[in-house]
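Since the model is a prediction, treat every value here as computed from it, not as a measurement. Side chains included, hydrogens not; waters and symmetry mates left out as well; all remaining heavy atoms used.
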Amino acid sequence: MPSARPNDRDWTATSDRAVIGVKGAGPRSERGQPPTDDPWLGPWAYAAWDFAPAERRQAVVLGYPVPHLVVSGDRVAVAGVWTRRHTHELRGTGSVLAVELRPGALTALFGDRDASALVDRVVPLAHWTGTGDAAALRDALAASAGPADMVAVLSERLARCRGREREPVWARDVLEAVLAPGRNRQVREAADRHGLSIRSLQRLFHTHLGTGPKSAMRRCRILGAAAALVRAPDPWTRVASQFGYFDQPHFINDFSRSLGVTPAAFAAECRRARTSGDTAVQRLQPRGRPSAPRPVP
């Protein structure tokens, strides 16, 4: 039976919220939802690894086009939308929790109306909450039993920051509807659906996400296509039309530019990972209360 080669990426932790590819066998991963009554936290993803001291793994990530709360060791930060895939080096023992901030959350929670200032940046949460509150939050997170509890702590603590403005709720609903799978193929179609001019929709995206609607919609299509290929790699050609591409060359170009690998090569690596039996899906935390994450050295 063939096995995954060390230079192949394991893409099987990919979902329609993020594409994740790790050289060789990747870390243990888990995904979940925030508390049902939280209006501003979205889905979360958690990864933990424990490699030999000299071992290094590269993880390629293409995330959903919204800001994220990121907890890594004792560091809590807000990461803006990344305009392209980014690479992390995994070494030793560590963990990371990434929680989506729904559109409008920066304004609702922190009164910040300029998401564009966060694009391709990571800023300590203390920038908005103050060092005292940030320290108390770190202590509460350190005492958590696992990622789900950490998300509950974040939800409870950030609830104290929620403002009374109505605009972020309206912006959240509009932007999430625009980004919903299969809803809109063109920016004009999305604007018309919500009674907005194209310029007004663009301003809404730049204010609350920091990116334009065209690039955000393209990102969501690529995430959906990659997740579909992880679930069923053959035949990869069917995915193009399923996600709004009218010709294969356009799909191949977008996919390759976004992930650095062609759809055919991506599908082949997914097949190899599943054939080898060593996939992120099988490394998910067992049901029950997960163990506390270890801090990053």
Query raised in the report: Can you tell me how far the CZ atom of Phe246 sits from the CZ atom of Phe251, to the nearest 0.5 Å?
Result: 14.0 Å
Query raised in the report: Does Tyr245 have Arg221 sitting over its ring (NZ/CZ under 6.0 Å from centre, angle to axis within 45°)?
Result: yes
Query raised in the report: Is there a donor-acceptor pair under 3.5 Å between the side chain of Thr14 and the backbone N or O of Ile20?
Result: yes
Query raised in the report: With distance as the sole test, does Ser72 use its side chain to make a donor-acceptor pair with the main-chain N or O of Arg75 at under 3.5 Å?
Result: no
Query raised in the report: Relative to each other, are the rings of Phe255 and Phe266 parallel, tilted or perpendicular (30° and 60° limits)?
Result: perpendicular
Query - Taking every non-hydrogen atom, the tightest pair across Pro35 and Ala152 - result: CG-CA, 4.3 Å
Requested in this report: Could you grab the distance from atom OG of Ser155 to atom CG of Asp37, nearest 0.5 Å is fine?
Outcome: 6.0 Å
Query raised in the report: Is Ser256 reaching over with its side chain to a backbone N or O of Ile252, donor-acceptor style, under 3.5 angstrom?
Result: yes
Query - Within-4.5 Å side-chain heavy-atom neighbours: Thr237 and Gln248 - result: yes
Requested in this report: Nearest 0.5 Å please: distance from the CZ atom of Arg218 over to the OG1 atom of Thr211.
Outcome: 9.0 Å
**Report entry** Any donor-acceptor N/O pair, Arg31 side chain to Ala13 backbone, under 3.5 Å
**Finding:** yes
**Report entry** Cationic tip of Arg17 above Tyr64 ring, under 6.0 Å, 45° of axis
**Finding:** yes
Report task. Check for a donor-acceptor pair, side chain of Arg121 on one end and backbone N or O of Ala117 on the other, with a separation under 3.5 Å. Result -> yes
Query raised in the report: Do the side chain of Arg9 and the main chain of Ala59 share a donor and acceptor less than 3.5 angstrom apart?
Result: no
Query raised in the report: Val119 and Met217: same hydrophobic cluster, using ILVMFWY side-chain contacts below 4.5 Å?
Result: no
Query raised in the report: In terms of hydrophobic clustering (I, L, V, M, F, W, Y; side-chain heavy atoms under 4.5 Å; direct or indirect links), are Val60 and Leu223 co-clustered?
Result: no
Query raised in the report: What are the two closest heavy atoms between Ala98 and His68, and how far apart are they?
Result: CB-CD2, 4.2 Å
Query raised in the report: Between atom CZ of Arg160 and atom OG1 of Thr129, what is the distance when rounded to the nearest 0.5 Å?
Result: 11.0 Å
Query raised in the report: Is the closest side-chain donor-acceptor distance between Asp149 and Ser144 under 3.5 Å?
Result: no
Query - Qualifying residues under ring-ring contact (aromatic ring centres under 6.0 Å, His included), relative to His86, sequence neighbours excluded - result: Trp82, His88
Query raised in the report: Do other residues, nucleotides or ligands put more than 12 heavy atoms under 6.0 Å from Arg238 CZ?
Result: yes
Requested in this report: Measure the shortest side-chain to side-chain distance between Leu179 and Leu209 over non-hydrogen atoms and say whether it is less than 4.5 angstrom.
Outcome: yes
Report task. Determine, using the 4.5 Å side-chain heavy-atom cutoff (strictly less than), whether Leu137 and Val151 are members of one ILVMFWY cluster. Result -> yes
Query raised in the report: Hey, any chance Phe243 and Trp11 share a hydrophobic cluster, counting ILVMFWY side chains that come within less than 4.5 Å of each other, even indirectly?
Result: yes
Query raised in the report: Do Val174 and Leu204 have side chains that get closer than 4.5 Å, going by heavy atoms?
Result: yes
Query - Any side-chain heavy-atom pair of Phe205 and Val178 under 4.5 Å - result: yes
Query raised in the report: Roughly how far, to the nearest 0.5 Å, is NZ of Lys214 from CZ of Arg188?
Result: 13.0 Å
Report task. Could you state whether Leu101 and Val81 fall into the same hydrophobic cluster, counting links through intermediate Ile, Leu, Val, Met, Phe, Trp or Tyr residues with side-chain heavy atoms under 4.5 angstrom apart? Result -> no
Query raised in the report: Should Val19 and Val61 count as side-chain neighbours, where that means a heavy-atom distance under 4.5 Å?
Result: no
Query raised in the report: With a 4.5 Å heavy-atom cut-off, do His208 and Thr107 have their side chains touching?
Result: yes
Report task. Before accepting this row, confirm whether a basic side-chain N of the pair Glu89/Arg57 lies closer than 4.0 Å to the acidic partner's carboxylate O. Result -> no
Requested in this report: Determine the minimum heavy-atom distance between Ala191 and Leu201, stating which atoms define it.
Outcome: N-CD2, 3.8 Å
**Report entry** Ala126 backbone acceptor or donor facing Asp133 side chain under 3.5 Å
**Finding:** no
Query raised in the report: Which pair of heavy atoms, one from Tyr46 and one from Ser95, lies closest together, and at what distance?
Result: OH-CB, 3.6 Å
Query - Note, Phe110 side chain near Leu125 side chain (heavy atom, < 4.5 Å) - result: yes
Requested in this report: Using the six-membered ring of Trp40, assess whether NZ or CZ of Arg172 lies under 6.0 Å from its centre and within 45 degrees of the ring axis.
Outcome: yes
Query raised in the report: Going through the distances and angles, do Arg102 and Glu176 end up as a salt bridge (charged side-chain N to carboxylate O under 4.0 Å, His left out)?
Result: CA-CA 8 Å; Arg102 297 173 68 183; Glu176 288 187 339; 2.7 Å; yes
Report summary line: d(Thr12 OG1, Glu269 CD) to nearest 0.5 Å is 11.0 Å
Report summary line: Note: Gly210 and Ala115 closest approach over all heavy atoms is N-CB, 3.5 Å
**Report entry** Nearest heavy-atom neighbours spanning Arg138 and Asp74
**Finding:** CD-O, 2.6 Å
Query raised in the report: Does the Ser258 side chain pair with the main chain of Asp254, one donor and one acceptor, at a distance under 3.5 Å?
Result: yes
Query raised in the report: Given side chains that start at C-beta, do those of Leu154 and Leu141 come closer than 4.5 Å, heavy atoms only?
Result: yes
Query raised in the report: Where the side chain of Asn253 meets the backbone of Pro249, is there a donor-acceptor pair that is under 3.5 Å apart?
Result: yes
